[in-house]
Amino acid sequence: MWWSHPELSLLMISLAAWLAVGMLHLAMPSHSGAGQCSMAAHTGADHHGAVRLDMVADRCAGMPSPAMPFLASLTMWMVMAAAMMLPTTLPAARSISLNGRWQRRHRGQAWFAAGYLAVWWFFGVVTLAVAGALAPKPVGSVVVSGTLAIAAGWELTRGKRCFLRGCHRVRSLPADGRRADRAAMGEGLRIGLRCTGACGPMMVPMALAPHALWLMGVLFGVVAAEKLVTNAVDHLRVFAAVLAAIAVIVMSGAPLG
């Protein structure tokens, strides 16, 4: 089965990444939701019996923040990108695998996936750096909702349609040798760039609220539908409406952590 369906190995990696996201969510400090930070009073006695009062700020869902350093944020992003984006590459990965020589089926798609994820990881670095520079403090639901509204608007543009069409095109590649390796990685980079252009705006909210697992699941559904449905370009108004509805739900106080 693994040789007749080599793309299943990428699906297994994606499933492992989803499991890792859950583990990271549990391992990292808990979040009370964007815009819902609180100050909790904790009392305790020192060795003289004096009572002291410590005000401890609860961490929020916004990213990046002092409570979640940049490297931790980037780690979460890299795992999320593998979990959410690898399943959407299965048709392209299968095409590259089956059009290469039999003995290099897994090798070709591995180079392709490496190039594809490299683009998304770079996008994450830039997004997190810009978010940290513009909003050093944790952001609230208003900002997250605003980015979702922008993503909904992007769905209706000509640029979105062009980028999305590019995500569905796989070029013919050399069948063997180092040229095939370079071409497979180059194809991953090419499709990755088009996919970040198409779906990047709707991934920005995940950089701001990485602990909102429900939001991650819903956005994954939208991304997967756009990437895996052949005529998804004809349904962009539907996807825009879904993103607008999510923006309203976030604004109404849905948990982001």
Q) If every non-hydrogen atom of Met76 is compared with every non-hydrogen atom of His25, which pair is closest and at what distance? A) CE-N, 4.1 Å
Q) Under 4.5 Å between any side-chain heavy atoms of Met202 and Leu148, yes or no? A) no
Q) Would Leu193 end up clustered with Trp154 when hydrophobic side chains under 4.5 Å apart are linked, directly or stepwise? A) no
Q. Minimum heavy-atom separation for Ala152 to Leu243, with atom names?
A. CB-CB, 3.8 Å
**Q.** Minimal non-hydrogen separation, Thr88 against Lys227, with atom names
**A.** OG1-NZ, 2.8 Å
Q: Compare all side-chain heavy atoms of Leu189 with those of Phe122 and state whether any distance is below 4.5 angstrom.
A: no
(Q) To check you understand the geometry: which heavy-atom pair defines the closest contact between Pro210 and Ala207, and what is its length? (A) CD-O, 4.0 Å
Q) CZ of Phe112 to CG of Leu10: how many Å apart, nearest 0.5 Å? A) 8.5 Å
Q) Would a hydrophobic clustering, with Ile, Leu, Val, Met, Phe, Trp and Tyr connected at side-chain separations under 4.5 Å, put Leu90 with Leu86? A) yes
(Q) Ignoring hydrogens, what is the shortest heavy-atom contact between Ala82 and Leu117? Give both atom names and the distance. (A) CA-CD2, 4.0 Å
Q) Is it the case that one hydrophobic cluster holds both Phe163 and Val222, taking links as side-chain heavy atoms less than 4.5 Å apart, direct or via other members? A) no
Q: Enter the distance from His211:NE2 to Leu24:CG here, rounded to the nearest 0.5 Å.
A: 8.5 Å
Q: Determine whether Leu208 and Leu256 make a side-chain contact, defined as any pair of heavy atoms from C-beta on separated by less than 4.5 Å.
A: no
Q. Where the side chain of Trp77 meets the backbone of Phe123, is there a donor-acceptor pair that is under 3.5 Å apart?
A. no
Q) Which pair of heavy atoms, one from Leu156 and one from Arg161, lies closest together, and at what distance? A) O-NH1, 3.7 Å
Q: Indicate if Leu11 and Val21 have the same hydrophobic cluster label, given that clusters are the connected sets of ILVMFWY residues with side-chain heavy-atom separations under 4.5 angstrom.
A: yes
(Q) Less than 4.5 Å apart, side chain to side chain, heavy atoms only: is that true for Leu219 and Trp214? (A) no
**Q.** Ile150-Val130 co-clustered via ILVMFWY side chain contacts under 4.5 Å
**A.** no
(Q) Has Trp121 got a side-chain atom pairing as donor or acceptor with Ala81's backbone, closer than 3.5 angstrom? (A) no
Q | Residue pair Trp120, Met203: steps toward the side-chain contact (heavy atoms from CB on, under 4.5 Å) verdict | A | CA-CA 10 Å; Trp120 276 106; Met203 287 296 291; 3.8 Å; yes
Q: Could you tell me whether Lys160 and Glu226 have a side-chain N and a carboxylate O separated by less than 4.0 Å?
A: yes
Q.
With heavy-atom distances below 4.5 Å as the criterion, would you say the side chains of Pro91 and Leu228 are in contact?
A. yes
(Q) Are the side chains of Asn231 and Val229 in contact, using a 4.5 Å heavy-atom criterion? (A) yes
**Q.** Derivation and outcome, side-chain contact (heavy atoms from CB on, under 4.5 Å), residues Leu128 and Leu74
**A.** CA-CA 7 Å; Leu128 292 171; Leu74 183 58; 4.2 Å; yes
Q: Using atom types as modelled and distance alone, determine if a side-chain donor or acceptor of Ser14 lies under 3.5 Å from a backbone N or O of Ala83.
A: yes
Q: To the nearest 0.5 Å, tell me how far Arg107 CZ sits from Ile96 CD1.
A: 14.0 Å
Q | Ile246 and Val218, any side-chain heavy atoms less than 4.5 Å apart | A | yes
Q: Return yes if some donor-acceptor pair links the side-chain N/O of Ser95 with the main-chain N/O of Ala92 below 3.5 Å, else return no.
A: no
Q) From Leu215 CG over to Met206 CE, what is the distance, rounded to the nearest 0.5 angstrom? A) 5.0 Å
Q: Starting at CZ of Arg94, measure out to CG of Leu8 and round the result to the nearest 0.5 Å.
A: 8.5 Å
Q: Supply the atom-to-atom distance Met78 CE to Ser73 OG, rounded to the nearest 0.5 angstrom.
A: 13.0 Å
Q) Any luck finding a side-chain donor-acceptor pair between Gln109 and Ser9 under 3.5 Å? A) yes
Q.
Parallel, tilted or perpendicular, judged at 30° and 60°: which one describes the rings of Trp18 and Phe220?
A. perpendicular
